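The chains referred to below are lettered A, B, ... by the order of the sequence lines, with proteins before strands, and numbering in each begins at 1. It should be emphasised that the depicted structure is a prediction, and the values quoted were computed from it without experimental measurement.
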2 protein chains.
Amino acid sequence: MPVAPLFRPIDVAPAYQKVADAIEREIVNGRIKPGDPIGTEHDLVRQFGVNRSTIREGIRVLEEGGLIRRDSSRRLHACLPRYSKLASRLSRALVLHEVTFRELYEASMTLEVASIEGAVERATDDNLAELDDNLVRSEAVVGDPARLAECDAEFHVLVAKASQNRVLQLAREPAAQLFYPTTEMIVTGVAEGGPRLVAAHRHLIDAIRYRDREAGVLWTRRHLQDWRRGFEKIASLDRSVEHMYMEHAQAARRR
Amino acid sequence: MPVAPLFRPIDVAPAYQKVADAIEREIVNGRIKPGDPIGTEHDLVRQFGVNRSTIREGIRVLEEGGLIRRDSSRRLHACLPRYSKLASRLSRALVLHEVTFRELYEASMTLEVASIEGAVERATDDNLAELDDNLVRSEAVVGDPARLAECDAEFHVLVAKASQNRVLQLAREPAAQLFYPTTEMIVTGVAEGGPRLVAAHRHLIDAIRYRDREAGVLWTRRHLQDWRRGFEKIASLDRSVEHMYMEHAQAARRR
DNA sequence: TTTTGTCCCTTTGTCCGACAAAGTTAAAGC
DNA sequence: GCTTTAACTTTGTCGGACAAAGGGACAAAA
């Protein structure tokens, strides 16, 4: 028969973890602000009273979590985690879980429709200017599938940004990162793929500009359906998406 | 005046990063499967021909990314990244970006509605059994806000699981993790909060069981609106959500 | 005045060797 | 056969070391 609990579990995390936790706490509760320097490794050695190897392991943890980074001169400072970096962890996880194309498509439909609805409602002139600029660049590379795919990815990021909802922005990113590499394949494989894509973007920008929600949703749906039809030509919907990641990971490494 | 760029930056990743990349590649492309042992640090020292400190820094990177973990005996093995762990990185990021309650609420509305739609369409008997079980446990703790909040969080995870869409499951998680701690406050602060919450869950399970999409969407909306009304009593919608994270992070540490 | 070369100091990335604590394995004892 | 004990292994941490690269200051050159 278990005795009544008298003691709480002791915190027995390894030292490098405690170092990481301590710095994380200072950043999250705002005592260290994004951009603030963290100090040199030697400083941290002195402050925490542990070995430099231990400090360095703690730094790796925070760096991977996107809370701190090294600037050009390799000095440490706090920073706001970048969505795209965090999202790439998630994309990787989705690949490892062998999600199917259907899952990806359905979720993206939901998320992109929500994005456009938000954008129609709340886009600013600045947002529209960015979208217009993207459209011009897209038109210029309509014959170059790789570049066009890049513009397409950026376009949808801009739409999400125009929705003024960062939770949504972040939620759609992992799926979008998996989409992106296949766009290129589809633009290549489908006749009139490029022009159709650019035309859809134009309609979407119009919908945002004139705050026409119906049109926005309609063209988002069409845009994604086009993309799906392109995909169906090269694979089945139940197929998992592992090859998408391979392309994406390579691109990320080149960056 | 800057000259036109002639050379691309050379790839000079530090050794610990290369170690991490190499192991990640083997895991992602499937040569190392989830559960497979990675070998001891000494093994890796031999294989990569670098110092153990370097290996350990690489391990921290992978560990933080959720690709490898140490089992009870601290041996390294590959594993499938856990959504909830990755999502907590994102929650943290959302807090640091100081997202407002409005952003969180809107995105959650979208994601939870999509979840229930998927669940209504595709839930299995197993999913329903899990939901029923959750309901029973919720009813048992309806007077205990902390436990009830825990059950509520689990309930929505189960609904998302029933949608059979892992992309959606993952996309909703970061927002849900921020929701969770406030549920407790709301159940405490709002009269009849607990019973209303359980009643909504009951309706949602019915909707899933009888594949009644309308009812599912309706009750999800109501459920979230209830939650929002509770929140409005204690703060404004434009308020950012930092306090939610503090609670959540503490809970995570206790785990 | 702006660029280039040089010197010095700091910081990072990496290496080596070491050791206590905790876990594992295998032998010894009942 | 089961438990205890005694090696052995592995991890977490430590101390010190060194080369390479960055930053700053300053003088020489264009």
Listed partners of B:E173 passing salt bridge (Lys or Arg N to Asp or Glu O under 4.0 Å), at least two apart
none

Across all chains, not counting sequence neighbours, the salt bridge (Lys or Arg N to Asp or Glu O under 4.0 Å) partners of A:R69 are none

Applying salt bridge (Lys or Arg N to Asp or Glu O under 4.0 Å) as the test, list every pair that has at least one member in residues 30-40 of chain A; sequence neighbours left out.
A:E26-A:R31

Just to confirm, is there a sub-4.0 Å distance from OP1 or OP2 of C:dT14 to any side-chain nitrogen or oxygen of B:N51?
no

Applying salt bridge (Lys or Arg N to Asp or Glu O under 4.0 Å), which residue pairs with at least one partner in residues 74-89 of chain A are found, sequence neighbours left out?
A:E64-A:R89

A:E150 meets the salt bridge (Lys or Arg N to Asp or Glu O under 4.0 Å) criterion, sequence neighbours left out, with none

Can you check the A:Q17 CD to D:dT13 P distance for me, whole Å?
10 Å

Under 4.0 Å from OP1 or OP2 of C:dC15: is there any side-chain N or O of B:T54 that close?
yes

Where along nucleotides 6-13 of chain C does protein come under 4.0 Å, by heavy atom, of base (B) or sugar-phosphate alone (S), with - for untouched nucleotides?
-----SBB

